Amino acid sequence: MEKTDILSLTLDECRSLAVEMGEKKFRGEQLYSWMQKGTPLSEMNNLPKAFRERIEEECDYRLPEIVKKQVSQKDGTVKYLMRMIDGECVESVFMRYEHGNTVCVSCQAGCRMGCRFCASTLRGRARDLTAGEIFGQIAVIGRDTGERVGGIVMMGIGEPLDNYDNTVKFLRLVSAEAGLNIGLRHISVSTCGLIPGIKRLSKEGLPVTLSISLHASNDERRSSLMPVNNKYPIEPLLAACREYFEKTGRRVSFEYTLISGENDSERDAKDLSGLLKKGIKGPCHINLIMLNRVDETGFEAPDRKGAERFCRLLEENGMNATIRRRLGSDIDASCGQLRLNNMENQSQKAVK
Ligand code: SAH
């Protein structure tokens, strides 16, 4: 029988679990409240021993374990390598912004989307994370830093809309009033553009910010960088974004990673502006990201001046664009590489 994944439970479900195990309802509330703080079972000292033992035996408490931690000396960004119950590792990042602390979470161990410039996808997808495992990254970071987390970006390893049910469950968990109560408006879900998932998400009543990884202004170039574009090309993707805005009232933002010689020319900037003006017909924002070099991919980032020129061109063409500040540049804070290095170390150990 599959064990109950208790970190994925809502407050009500925790109450029911307690009752099923012969305890009073409030024991479930205590359990829930400890889990929100990322507390290990052994430290839940107001729970009766018998209850803890039953949980230990009959449930999985999938709290991630911190196996590596890198702290940026420049801006206090903390990057974590977290181990899941079965040994799979993912990355999470804690970032300090003026408007509050934000955590970047992973939603799958690996990724199967195959974007050519991305480290997370190089070894494919091992498995989806459960809602609790996504949530657990935030709980553990809250405990480790002792600070409040006010915002979340689903921009770590994995494709949220390829793990749709757990993503939606996670969004409900993390925004629950009785729990961390993180405002849905302070949560961004980033996707490579799985159209059916975008349409479903627009009907969930979850007003999160949708971020589309666009990275190119025409189908030929986008398909060469992102195989997913063969299935879900740009035009219907932008139509789904319009629908998202109409249904949720939330403006969609676009991510555009600048890759030298691939998508960073003047022509590209003009085409991108034209494309979004025509395709979105409403307000939108473009986040320019400097490529983070991944050795295996052979791509390079443009220089800072080139990126600024690109940004200016977008603005001159009526777009709202910014170059994303690179937090944690001294600790290699973009995702995928720690997991990859860790996997390589593990397999070297296995060979030895
Ligand atoms: N699967 C989601 C989340 C991915 S990570 C998505 O595709 O949106 C968040 C962002 O980082 C995406 O826009 C992704 O395309 C981008 N990204 C991936 N690898 C990168 C790299 N090496 N340098 C810069 N950005 C990268």
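Each ligand, and each atom within it, is numbered from 1 in the order the structure gives. Not measured: the values here are computed from a predicted model.
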**Study point:** Ring-face cation contact, Y164 with R200, 6.0 Å cut, 45° max
**Key:** yes

Study note, to complete from the structure: So the atoms of ligand 1 within less than 4.0 Å of a heavy atom of L291 turn out to be 21 (C), 22 (N), 23 (N), 24 (C)

Review point. Any salt bridge between D268 and K270, counting N to O under 4.0 Å?
Key: no

Review point. Going by heavy atoms, is S120 under 4.0 Å from ligand 1?
Key: no

Check your understanding: Between M154, Q108, M290, H215, which one has a non-hydrogen atom sitting closest to atom 14 (C) of ligand 1?
Key -> H215

Point to revise | Single hit among R339, R123, R127, R83 for salt bridge (Lys or Arg N to Asp or Glu O under 4.0 Å) with E88 | key: R339

Review point. Nearest non-hydrogen atom to atom 4 (C) of ligand 1 belongs to which of C118, C107, G156, S211?
Key: G156

Exercise for review: Show which atoms of ligand 1 fall inside a sub-4.0 Å distance from at least one heavy-atom site of V294.
Suggested key: 22 (N)

Review point. Nearest non-hydrogen atom to atom 26 (C) of ligand 1 belongs to which of T121, T257, L194?
Key: T257

Check your understanding: Do R15 and D12 meet the salt-bridge criterion of a basic N to acidic O distance under 4.0 Å?
Key -> yes

**Study point:** Mode of E159 contact toward ligand 1 - side chain, backbone, both, neither (heavy atoms, under 4.0 Å)
**Key:** both

Check your understanding: Does some non-hydrogen atom of M113 fall short of 4.0 Å from ligand 1?
Key -> no

Review point. Checking T167 side chain against P160 main chain: does a donor-acceptor pair fall under 3.5 Å?
Key: yes

**Study point:** Contact check: F117 vs ligand 1, nitrogen or oxygen atoms, below 3.5 angstrom
**Key:** yes

**Study point:** N-O pairing of R309 and D264 below 4.0 Å
**Key:** no

Check your understanding: Taking NZ, NE, NH1 and NH2 as the nitrogens, is one of them in D162 or R112 under 4.0 Å from a carboxylate oxygen of the other?
Key -> yes

Review point. Is ligand 1 less than 4.0 angstrom away from at least one heavy atom of G193?
Key: no

Exercise for review: Could you tell me how the ring of H215 sits relative to the ring of F117: parallel (under 30°), tilted (30 to 60°) or perpendicular (over 60°)?
Suggested key: perpendicular

**Study point:** Numbering as shown, the atoms of ligand 1 that approach T191 to under 4.0 Å (heavy-atom distance)
**Key:** 6 (C), 7 (O), 8 (O)

**Study point:** Atoms in ligand 1 flagged as close to C192, the criterion being non-hydrogen separation under 4.0 Å
**Key:** 6 (C), 7 (O), 8 (O)

Exercise for review: Could you say whether the N/O atoms of G158 and ligand 1 ever approach to under 3.5 Å?
Suggested key: yes

Check your understanding: Is there a donor-acceptor pair closer than 3.5 Å between any side-chain N or O of K25 and the backbone N or O of C14?
Key -> no

